[in-house]
Amino acid sequence: MTLIDLQNRIKQRLQEAALELFGLSVEQVSAETPPKPELGDLAFPVSFELAKLIKQSTGTRVAPRAIAEKLKEKLAADEEISRIEVAGAGYLNIFFDRAQLLSVFAAVLPLAIDHATIESVSSRPKQMVEHTSINPNKAAHIGHVRNAVLGDTFVRILKAAGNEVEVQNYIDNTGVQVADVVVGFKHIERMTLDEIKNLDGSLPEDRPFDYYCWDLYTKVGLFYRDDDPNGQPNPEKLKLRTDILHALEQGNNPTAELADYVATRNVECILDTMERLGIRYDLLARESEILHLHFWDRAFQLMKSAGVIRLETEGKNKGCWVMPFESHTGTDEHEADKIIVRSNGTVTYTGKDIAYQLWKLGHLGLDFNYKPFRKYPNAQVAWVTTTEPNSETLPEVPRPNFGGGVTVYNVIDSRQSYPQEIVARGVAGLVPELGQDASVHLAYEMVALSAGACAELGIELSNEDRAKPYIEMSGRKGLGVKADDLIDRLEADALREVEARHPELTAEEKASTANEIAVGALRYFLLKFTRNSVIAFDFKEALSFEGETGPYCQYAAVRASSIFRKLDRESHVVAEKLIQRAAGDAEIRKQVAQALDGEAGTEIWSLVMLAERFDEVVAQCAAAAEPANLAKYTFNLARAFNFFYHRHRIIAEEDLTKKAVLITAADIARRQLTSALATLGINVPERM
RNA sequence: GCACGCGUAGCUCAGUUGGAUAGAGCGUUUGACUUCGAAUCAAAAGGUCGCAGGUUCGAGCCCUGCCGCGUGCACCA
């Protein structure tokens with residue numbers, strides 16, 4: 001039995017009692033953790049809820065405390081409950097039998113989830129998460145990394161909560177941003193495809209292809225404006241882009257071939273960056289296939305016949321197919337209706353997105369073809385979409401069935417809330433039984449640059465920018481912190497520390513430890529903010545290994561495992577047996593209870609209780625789609641462990657019962673902490 | 001103009017869906033390494049929860065109105 005099981009059982013008892021005593025059914029019984037461990041292990045504020053319901057149904061006012069007293073009597077003491085108190089204005093506080101529960105918890109203690117082996121559970125309905133989806137025309141910056149880390153962590157949370165999950169990364173390989181870089185290669189650099197390939201092969205390792213494109217992309221921005229950053233775009237040069245865009249949409253021509261090389265190489269570089277952070281994908285869905293396999297044509301037919309869009313015959317949008325949008329009021333300047341097909345017959349991005357979303361939910365009636373794109377070291381494969389029906393396969397790795405998710409989460413920054421709403425509405429309009437809830441926009445705020453970060457990057461700010469609270473990053477202007485640069489700095493800083501602390505490790509061990517610390521620092525930094533908070537990126541904060549950081553949490557886990565490394569095997573076995581026997585043996589249970597009693601005992605017990613809340617936190621994070629809660633929990637658990645660590649000498653403890661209790665508590669805490677970190681995508685090194 | 005988000009300690013942020021004395025980290029001040037690792041721990045100082053009303057047993061959280069900031073509202077993606 002876990003804490004969640006226990007909690008649910010008590011909730012059910014309370015519902016039964018409410019029905020019996022007052023004839024009222026309480027739909028949701030919420031459980032809380034009391035502010036202080038002295039107040040109990042679990043608190044139920046049901047009496048307040050009941051007082052309200054009684055007043056509503058009978059008009060009489062009953063004091064919550066009186067209700068709590070009655071509930072307390074009804075709540076026949078479970079084996080695990082030692083006592084119940086009514087406290088405050090009417091809280092029902094539950095105190096567990098600590099010795100009994102410690103034994104139960106120790107018995108069901110799962111192995112800590114391994115970072116790399118969080119597996120999908122295939123018996124459940126498939127959840128689908130799309131994240132990363134970086135335009136494949138340049139290197140990833142930290143804003144992209146926030147997206148990827150958020151998405152990847154949410155994937156881990158869903159899996160830890162027992163779901164089957166498919167991870168997609170959308171590749172917009174035929175869009176304007178790729179076209180821009182192609183303009184750069186063709187019209188600024190005047191390079192052929194072969195010359196680009198040669199260049200790619202000759203680039204230094206620390207400035208690979210995506211870095212080259214990053215710089216080229218900013219040159220293209222200037223090129224359009226005839227090298228005046230504040231100038232007007234030159235229409236003739238913009239036409240170069242339009243022409244290339246058409247060639248890309250058409251496919252099967254030298255320009256499209258060149259663009260495909262550029263986009264594919266950028267995808268490879270971006271996937272390399274993500275691999276450094278432990279982020280992987282099941283499928284790369286490309287826009288080129290959505291076009292060439294006629295996904296849009298099918299979606300267009302469906303939308304027309306379902307009446308989701310209509311052809312405007314007059315007015316401003318004459319000749320366009322639009323989706324009516326009455327909830328947004330239109331003005332002269334801003335039209336309320338959303339144009340899906342332009343008057344020249346071409347489809348907007350939103351239109352294509354509706355087709356893709358329909359496919360994700362299994363309601364398009366068409367499918368991609370697939371081929372392997374990248375094999376990961378653990379034999380996992382990232383597949384990519386293709387037009388070729390009989391493309392390459394891997395006999396040793398069967399191809400999964402892609403698509404058909406029951407819920408689709410799109411991790412996209414909150415500036416795209418409006419188009420995302422249209423996609424969800426469009427899909428819901430086409431397939432009413434799906435409803436708008438099948439499409440979830442997992443929105444998050446952007447990562448911007450603090451004034452200090454700009455100064456450090458040598459970016460000169462205009463007076464207008466200086467007045468702002470933060471500076472928005474811009475790929476077009478080349479304004480941003482590249483992901484690999486930041487990871488490099490974090491790894492270098494971590495390596496310096498590891499070298500100073502553990503000179504005995506091999507160079508390889510030092511490097512992998514430094515990587516784990518760097519990943520811990522970066523992922524935690526991006527996860528500790530809730531989704532709707534703008535991160536004003538600051539180097540000092542992001543590069544910190546102290547305080548509320550990933551390395552702090554890792555350090556606590558490393559200390560915990562160092563106890564078990566030093567502890568002799570026999571003491572460990574003796575402790576495990578002793579705690580096991582406490583469940584049945586009254587005398588031993590009494591001794592264990594004594595060790596868990598009093599102020600010192602409560603300290604130990606509250607660590608155990610906090611550690612046992614992990615499953616509940618994961619479930620909450622999955623429901624709220626908010627990974628920051630898990631980050632917060634993990635930090636609090638690490639903090640609680642560090643406190644415990646300072647207060648109690650485990651190996652030196654002479655009282656065998658007390659020692660067994662300490663060992664068990666440390667074991668529970670370390671495993672849950674390791675699992676929590678793994679769910680955040682953070683590894684625990686051997687030493688650090 | 002309309003829509004969405006934000007405003008909490010000097011700074012950066014949490015706040016368990018309306019509950020117990022509003023919490024962390026950083027920074028500041030002070031103390032703790034002969035110990036299972038000090039990337040740590042302990043203590044102190046620091047608050048008109050933007051402002052004003054309202055709803056109720058109870059509001060940082062819900063409602064209304066202001067003020068300030070951000071982001072959307074393209075036949076771009």
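Predicted model, so just to flag it, every value in this text is computed and none were measured. Naming convention: chains lettered A, B, ... in sequence-line order (proteins, then strands); numbering from 1 in each chain.
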Sugar-phosphate atoms are those with a prime plus P, OP1 and OP2; base atoms are the rest. Using that split, label each nucleotide of nucleotides 10-16 of chain B B, S or - for protein heavy atoms under 4.0 Å, 5' to 3'.
--SSSSS

According to the interplanar angle, ranging from 0 to 90°, do the rings of A/F564 and A/H572 count as parallel (below 30°), tilted (30 to 60°) or perpendicular (above 60°)?
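A/F564 and A/H572: tilted rings.
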
Plane angle bin for A/F644 and A/F641 - parallel if under 30°, tilted between 30 and 60°, otherwise perpendicular
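If you compare the ring of A/F641 with that of A/F644, the planes turn out tilted.
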
Taking N and O atoms by type only, does the side chain of [X] place a donor or acceptor under 3.5 Å from a partner on the base of [N]?
X	N	value
A/N93	B/rA20	yes
A/K540	B/rG27	no
A/T348	B/rC75	no
A/H502	B/rG37	yes
A/R415	B/rU71	no

Under-4.0 Å salt bridge between [X] and [Y]:
X	Y	answer
A/R639	A/E548	no
A/E541	A/K528	no
A/R565	A/E686	yes
A/R415	A/D413	yes
A/K239	A/D243	yes

When you measure from the side chain of A/N93 to the backbone of A/L39, do you find a donor-acceptor pair of N or O atoms at a distance under 3.5 Å?
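Side chain of A/N93 to backbone of A/L39, a donor-acceptor pair under 3.5 Å: yes, one is there.
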
Flag, side chain of A/R241 to backbone of A/D180, donor-acceptor distance under 3.5 Å
no

Give each protein N/O atom lying under 3.5 Å from an N/O atom of nucleotides 29-31 of chain B, with the pair distance.
none

Counting C-beta onward and ignoring hydrogens, is there a side-chain heavy-atom pair between A/E49 and A/Q28 closer than 4.5 Å?
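A side-chain contact under 4.5 Å is absent here.
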
So what stems show up for RNA chain B if we need 3 or more Watson-Crick or G-U pairs in a row, all under 3.5 Å?
B:1-7 with B:67-73, B:10-13 with B:23-26, B:28-32 with B:40-44, B:50-54 with B:62-66

Checking salt bridge (Lys or Arg N to Asp or Glu O under 4.0 Å) for the pair A/R310/A/E312: CA distance, chi angles, key distance, verdict?
CA-CA 6 Å; A/R310 64 165 183 246; A/E312 295 287 0; 3.2 Å; yes

